[in-house]
Amino acid sequence: CSKSIEESIKDDIIDEFLKICNFSRPTYHTKEFCKYIETRAKDLSPIPIEIYDDHGTWKPDDPTQRFDDNGFNIYYDIPANIPEGVAEPPMTIIQCHTDMVWVVESGYEDIIKHPEPVKDRIYNKETKKWESVIHTKKYLSSLGGDNGIGVATSLALTKNVKNFVHGPIRFIFTTDE
């Protein structure tokens with residue numbers, strides 16, 4: 001028994017979300033994650049997609065371009081997949097953001113202001129040492145599933161664009177809300 005397209009996409013969303021969970025991506029520190037999205041989208045898409053690195057020279061009338069305002073906002077377009085003879089519907093836009101909100105226990109607020117991207121270590125004020133987040137979980141929690149799942153859904157849909165009927169789709173990833 002083969003999976004339905006809906007089941008396949010759901011499984012792909014979960015797979016992508018689990019990959020995304022490996023990225024620490026607090027606000028203003030999303031460059032590495034955005035580069036991952038660009039590479040992953042190209043790798044997953046069954047059709048060639050162009051992702052241009054135009055560093056702020058976005059031309060809104062050129063749908064083949066992606067914009068990058070040096071804040072690591074990106075987009076790419078997927079052409080329609082419709083039966084011959086059917087009128088092309090308008091573009092659907094799916095937008096999500098790439099950063100995640102870091103929530104820190106009272107007294108540890110300066111952790112999120114550290115000048116380097118927070119990866120898997122935080123500064124423990126009590127021990128005055130950098131420690132693994134796993135060992136100091138009580139001090140730091142992160143939100144971000146809302147748009148982590150948005151990124152995962154966008155990538156899963158990109159992977160499956162030939163498997164369902166759709167009009168043109170623009171996937172937009174912004175660096176913050």
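Just so you know, these numbers come straight off a predicted model, no measurement behind them.
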Rounded at 0.5 Å granularity, tell me how far [atom1] in [X] sits from [atom2] in [Y].
| X | Y | atom1 | atom2 | answer |
| --- | --- | --- | --- | --- |
| H166 | I82 | NE2 | CD1 | 9.5 Å |
| I9 | T153 | CD1 | OG1 | 9.5 Å |
| K31 | K35 | NZ | NZ | 4.0 Å |
| Y36 | N22 | OH | CG | 8.5 Å |
| Y75 | I93 | OH | CD1 | 9.5 Å |
| N81 | E88 | CG | CD | 10.5 Å |

Throw together a table of side-chain donor-acceptor distances under 3.5 angstrom for residues 155-163, partners on residues two or more places apart or in other chains.
{"unit_1": "T158", "atom_1": "OG1", "unit_2": "Y76", "atom_2": "OH", "d": "2.7"}
{"unit_1": "T158", "atom_1": "OG1", "unit_2": "S154", "atom_2": "O", "d": "2.8"}
{"unit_1": "K159", "atom_1": "NZ", "unit_2": "D12", "atom_2": "OD1", "d": "3.2"}
{"unit_1": "N160", "atom_1": "OD1", "unit_2": "N163", "atom_2": "ND2", "d": "2.9"}
{"unit_1": "N160", "atom_1": "ND2", "unit_2": "D12", "atom_2": "OD2", "d": "2.9"}
{"unit_1": "N160", "atom_1": "ND2", "unit_2": "A156", "atom_2": "O", "d": "2.8"}

## Note on the structure
The side-chain hydrogen bond (donor to acceptor under 3.5 Å, both in side chains) partners of D15 (sequence neighbours excluded) come to none
### Message
Would you say that D77 contacts P168 through its side chain, given a criterion of any heavy-atom pair below 4.5 Å between the two side chains?
### Response
no
### Message
I want to check something: taking the side chain as every heavy atom from C-beta on, are E38 and I74 in contact at a cut-off of under 4.5 Å?
### Response
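Yes, at least one pair of side-chain atoms sits under 4.5 Å.
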If hydrophobic clusters are built by linking Ile, Leu, Val, Met, Phe, Trp and Tyr wherever their side-chain heavy atoms come under 4.5 Å apart, do [X] and [Y] end up in the same one?
| X | Y | value |
| --- | --- | --- |
| I49 | F164 | yes |
| I94 | I5 | yes |
| I149 | L18 | no |
| I169 | V165 | no |

#### Entry: F33 and I20: CA distance, side-chain angles, deciding distance, side-chain contact (heavy atoms from CB on, under 4.5 Å) verdict
CA-CA 8 Å; F33 183 54; I20 288 167; 3.7 Å; yes
### Message
So, applying side-chain hydrogen bond (donor to acceptor under 3.5 Å, both in side chains) with N147, which one of H97, R25, Q95 is it?
### Response
H97
